[in-house]
Amino acid sequence: QVQLVESGGGLVQPGGSLRLSCAANGRTFSGHAMGWFRQAPGKEREFVAAIIWGGPSTYYADAVKGRFTISRDNAKNTVYLQMNSLKPEDTAIYYCARNWNTGSYYNTRSYDYWGQGTQVTVSS
């Protein structure tokens, strides 16, 4: 059974930080790049960050570059998203997803399994 479970969302003030986690079962995780997306109310789901399976390569949306960091612990089947200097426009539901289309990381169609999402709200 494929399962991705996000956690770590919450309410934070502008300028604050949060770390999201996405736990996967081994069959889901092994050998695949992983990505984070987000969806704000009334907007389409958008790419945030991705990380490949076995190396340091990472990819970021321009809106989060320099503020967010994606990482993974393959031994724990977990991918993380460290979010710093948060802004109100970062408010959204954040989803992790498994990539099936090696080399294509920015489009939702390149991901086949998704978590249920975790809410991030940035507000004073």
Side-chain angles (χ1 to χ4, degrees):
Q1 182 179 357
V2 175
Q3 191 172 22
L4 299 171
V5 180
E6 301 98 334
S7 61
L11 173 64
V12 63
Q13 293 186 342
S17 297
L18 282 175
R19 189 175 82 152
L20 306 183
S21 300
C22 173
N25 57 17
R27 187 166 296 180
T28 302
F29 199 75
S30 181
H32 289 269
M34 298 292 293
W36 285 97
F37 287 74
R38 67 186 182 186
Q39 188 166 18
K43 295 188 177 181
E44 293 187 352
R45 193 168 298 189
E46 64 176 5
F47 171 79
V48 174
I51 185 167
I52 68 170
W53 162 252
S57 293
T58 55
Y59 306 85
Y60 295 96
D62 288 343
V64 307
K65 205 170 290 183
R67 300 188 297 122
F68 291 11
T69 302
I70 188 171
S71 61
R72 66 191 295 165
D73 185 334
N74 291 337
K76 295 182 179 180
N77 293 336
T78 301
V79 62
Y80 304 98
L81 185 68
Q82 178 66 44
M83 305 186 295
N84 298 330
S85 302
L86 282 162
K87 304 175 181 180
E89 51 264 44
D90 295 318
T91 295
I93 299 174
Y94 282 72
Y95 300 89
C96 71
R98 188 185 78 167
N99 179 272
W100 67 268
N101 190 7
T102 302
S104 175
Y105 303 112
Y106 297 92
N107 195 294
T108 58
R109 292 190 295 271
S110 294
Y111 295 81
D112 53 1
Y113 292 104
W114 296 79
Q116 83 290 348
T118 185
Q119 176 71 47
V120 172
T121 302
V122 184
S123 175
S124 55

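Keep in mind that this is a model prediction, so the values were computed, not measured.
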Original post:
What about V12 and Y80, same hydrophobic cluster or not, with Ile/Leu/Val/Met/Phe/Trp/Tyr joined at side-chain heavy-atom distances under 4.5 Å?
Top reply: no
Original post:
Are V5 and I70 joined in one hydrophobic group, where the rule is that I, L, V, M, F, W and Y side chains link up if heavy atoms are under 4.5 Å apart?
Top reply: no
Subject >> Pairwise distance OG(S30) to CG(N25) - rounded to 0.5 angstrom >> reply: 10.5 Å
**OP:** May I ask you to decide if G54's main-chain N or O and N74's side chain share a donor-acceptor pair within less than 3.5 Å?
**Re:** no
Original post:
Can you tell me if E6 uses its side chain to pair, donor with acceptor, with the backbone of L20 under 3.5 Å?
Top reply: no
Subject >> Heavy atoms of other groups near E89 CD, more than 12 under 6.0 Å >> reply: yes
**OP:** Could you tell me the separation between the CG atom of L11 and the CD atom of Q119, rounded to the nearest 0.5 Å?
**Re:** 9.5 Å
Original post:
Distance from Y59 atom OH to N99 atom CG, nearest 0.5 Å?
Top reply: 10.0 Å
Subject >> Y105 side-chain N/O to G103 backbone N/O, donor-acceptor pair under 3.5 Å >> reply: yes
**OP:** Ignoring hydrogens and angles, tell me if any N or O in the side chain of W100 forms a donor-acceptor pair with the backbone of H32 under 3.5 Å.
**Re:** no
Original post:
Would you call D90-K87 a salt bridge at under 4.0 Å N-O?
Top reply: no
Subject >> For the student: nearest non-hydrogen atoms of R38 and A92, plus distance >> reply: CB-CB, 3.8 Å
Subject >> Over all atoms of both residues, closest heavy-atom pair of Y60 and K65 >> reply: O-CE, 3.7 Å
Original post:
So which heavy atom on V48 is nearest to which on F68, and how close?
Top reply: CG1-CD2, 3.8 Å
Original post:
D73 side chain to K76 main-chain N or O, any donor-acceptor pair under 3.5 Å?
Top reply: yes
Original post:
Taking all atoms of both residues into account, what is the closest heavy-atom pair of S71 and V79, and its distance?
Top reply: O-CG2, 3.1 Å
**OP:** Hey, could you give me the CD1/CH2 distance between I51 and W36, rounded to the nearest 0.5 Å?
**Re:** 12.0 Å
Original post:
Can you name the nearest heavy-atom pair linking V120 to G9, along with the distance?
Top reply: CG2-CA, 4.2 Å
Subject >> Donor-acceptor under 3.5 Å (S124 side chain, Q13 main chain) >> reply: no
Original post:
Short question: side chain of R98, backbone of Y113 - any donor-acceptor pair under 3.5 Å?
Top reply: no
Original post:
Roughly how far, to the nearest 0.5 Å, is SG of C22 from OH of Y94?
Top reply: 15.0 Å
Subject >> Cation-pi check, R45 onto Y111 ring (under 6.0 Å, within 45° of axis) >> reply: no
Subject >> Distance (rounded to the nearest 0.5 Å) between Y95 OH and W114 CH2 >> reply: 9.0 Å
**OP:** For residues L4 and M34, report the shortest heavy-atom separation together with the two atoms involved.
**Re:** CD2-CE, 3.8 Å
